[in-house]
Amino acid sequence: MSLYQTFQRSALVALALAPLVAACGPANGDPALASVRESFRGTWRTSCTAMPMQDGSTVWTQYEVINRGERGSFKFSLFGNDTCSVRLADFLLESRQVIGALVPAAGAGARELDIFYERQSVTPHVPAFVMAFQSAGCGTGTHAVGQQVETSATGCLAFQPIARCNADYDLIRIDGNRFYNGVRGGNMCVPAGRPTALNPFWFDRTN
């Protein structure tokens, strides 16, 4: 089960979405591939979405993907208000990202997206998450408000250590200023677990 999937199922949060995407490698025999890879460069975000917690409270979530070509990042953020302006915590995954072959069965324009994790970190923005990260054994650094701590070796909450799952095999489709990824399911740490359909929600390009 991938880092992202396990976080979906955690007691702390229960929303879905998945990582990232991008470009490298040859495009022989696929003349459109280079264009797709180039069009993915930039920053993409989902809308601010309410997420009910198990204790009856509500937090709001937003996902951000940044693509710089061969490498990029995926950030999952928790907020305390419905405009996503009061930040509670960030979970960051940095990776090498590869957009590959077409996957016709997943829909027109769907392609393979292979994400190879390189670094994982968390940043608490309120004292409650400082305590939560400390209690969960997230990383080996000192947690403080606004302080990023690497969690690659330990994982954090439902994010697994990178050594247990160093890749995520996904889908991508770019449609103008929107990109879609795959519906989460199966063991996406291995190619056989790649999704077979695209999500109905999307990321919007912000630059």
Side-chain angles (χ1 to χ4, degrees), residues 2-8 13-27 29-51 60-79 83-84 90-120 159 165-186 188-191 193-207:
S2 74
L3 294 173
Y4 186 78
Q5 284 178 281
T6 54
F7 190 71
Q8 278 183 282
V13 291
L15 239 214
L17 160 334
L20 333 105
V21 157
C24 66
D30 189 348
L33 181 54
S35 177
V36 173
R37 288 172 170 173
E38 183 61 29
S39 70
F40 193 65
R41 288 179 179 267
T43 301
W44 307 76
R45 293 192 188 100
T46 61
S47 60
C48 186
T49 303
M51 184 175 69
W60 285 262
T61 65
Q62 191 170 57
Y63 304 92
E64 178 185 85
V65 169
I66 297 175
N67 173 249
R68 303 181 184 90
E70 285 192 12
R71 285 176 169 78
S73 63
F74 166 80
K75 183 164 66 175
F76 175 78
S77 299
L78 295 171
F79 296 87
T83 59
C84 285
D90 295 322
F91 299 79
L92 182 68
L93 293 169
E94 299 168 63
S95 64
R96 183 169 64 88
Q97 308 164 337
V98 182
I99 295 175
L102 287 164
V103 184
R111 288 180 177 272
E112 295 176 345
L113 164 62
D114 297 345
I115 303 136
F116 302 100
Y117 296 119
E118 296 180 331
R119 187 175 186 271
Q120 176 192 146
F159 280 105
C165 179
N166 65 358
D168 191 81
Y169 294 90
D170 201 354
L171 296 172
I172 181 173
R173 175 176 177 256
I174 298 177
D175 183 6
N177 288 323
R178 294 178 176 179
F179 101 77
Y180 300 79
N181 71 326
V183 176
R184 314 308 291 176
M188 293 177 63
C189 297
V190 296
R194 191 187 305 279
T196 58
L198 293 163
N199 273 312
F201 62 88
W202 60 86
F203 292 74
D204 290 303
R205 181 189 293 278
T206 64
N207 68 24

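By convention here, the first residue in the shown sequence is residue 1.
Two residues are said to be in side-chain contact when any heavy atoms from C-beta on lie closer than 4.5 Å; Leu93 and Arg119 fail this criterion. In this structure, the side chains of Ile172 and Phe179 come closer than 4.5 Å at one or more pairs of heavy atoms. Using a 4.5 Å cut-off on side-chain heavy atoms (C-beta onward), Val65 and Phe203 make contact. Looking at Arg184 and Asp168, their side chains come closer than 4.5 Å, going by heavy atoms from C-beta outward. Here the side chains of Thr43 and Glu64 are in contact, with some heavy-atom distance below 4.5 Å. A 4.5 Å side-chain heavy-atom check between Val36 and Ile174 finds at least one atom pair inside the cut-off. By the 4.5 Å heavy-atom criterion applied to side chains, Ile99 and Phe40 are counted as neighbours. In this structure, the side chains of Phe91 and Leu78 come closer than 4.5 Å at one or more pairs of heavy atoms.
A distance-only check finds no donor-acceptor pair linking the side chain of Arg71 to the backbone of Glu94 [under 3.5 Å]. Counting only distance, with no hydrogens or angles, the side chain of Asp170 and the backbone of Gly182 share a donor-acceptor pair below 3.5 Å. Of the possible donor and acceptor atoms, none in the side chain of Asn199 sits under 3.5 Å from a partner among the backbone N and O of Phe201. A donor-acceptor contact shorter than 3.5 Å is absent between the side chain of Ser35 and the backbone of Ala32.
Counted by atom type alone, Gln97 and Asn67 present one or more donor-acceptor pairs between their side chains at under 3.5 Å.
By the side chain to side chain donor-acceptor pair (under 3.5 Å) test, Arg41 is found to be paired with Glu38, residues two or more places apart in sequence or in another chain being considered. For the salt bridge (Lys or Arg N to Asp or Glu O under 4.0 Å) test, residues two or more places apart in sequence or in another chain that qualify with Asp175 are Arg173.
The CE atom of Met188 sits 8.0 Å away from the CG atom of Leu113 when rounded to the nearest 0.5 Å. With values rounded to the nearest 0.5 angstrom, Asp114 atom CG is found 11.0 Å from Ser95 atom OG. How far SG of Cys84 is from CD of Gln62: 5.0 Å, rounded to the nearest 0.5 Å. With rounding to the nearest 0.5 angstrom, the SG atom of Cys189 is 7.5 Å from the OH atom of Tyr117. Here CD1 of Ile115 is found 9.0 Å from CZ of Phe74. Values are rounded to the nearest 0.5 Å. Once rounded to the nearest 0.5 Å, the distance linking CZ of Phe116 with CD of Glu118 reads 10.5 Å.
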- Output, in order, the C-alpha distance, side-chain angles, deciding distance and verdict of side chain to side chain contact (heavy atoms under 4.5 Å, CB included) for Leu171 and Val103. CA-CA 8 Å; Leu171 296 172; Val103 184; 3.8 Å; yes
- Message: Checking Thr83 against Cys48 for the side chain to side chain contact (heavy atoms under 4.5 Å, CB included) test, could you report, in this order, the C-alpha distance in whole Å, the side-chain angles of both residues, the deciding distance, and whether it holds?
- Response: CA-CA 6 Å; Thr83 59; Cys48 186; 5.8 Å; no
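Pro195 approaches Val183 most closely through the heavy-atom pair CB-O, 3.2 Å. Of all non-hydrogen atoms in Gln120 and Phe159, the two that sit nearest each other are OE1-CB, 3.4 Å. When all heavy atoms of Trp202 and Pro200 are compared, the closest pair comes out as CE3-O, 3.5 Å.
The aromatic rings of Tyr63 and Phe76 are tilted relative to each other, their planes meeting at an angle between 30° and 60°.
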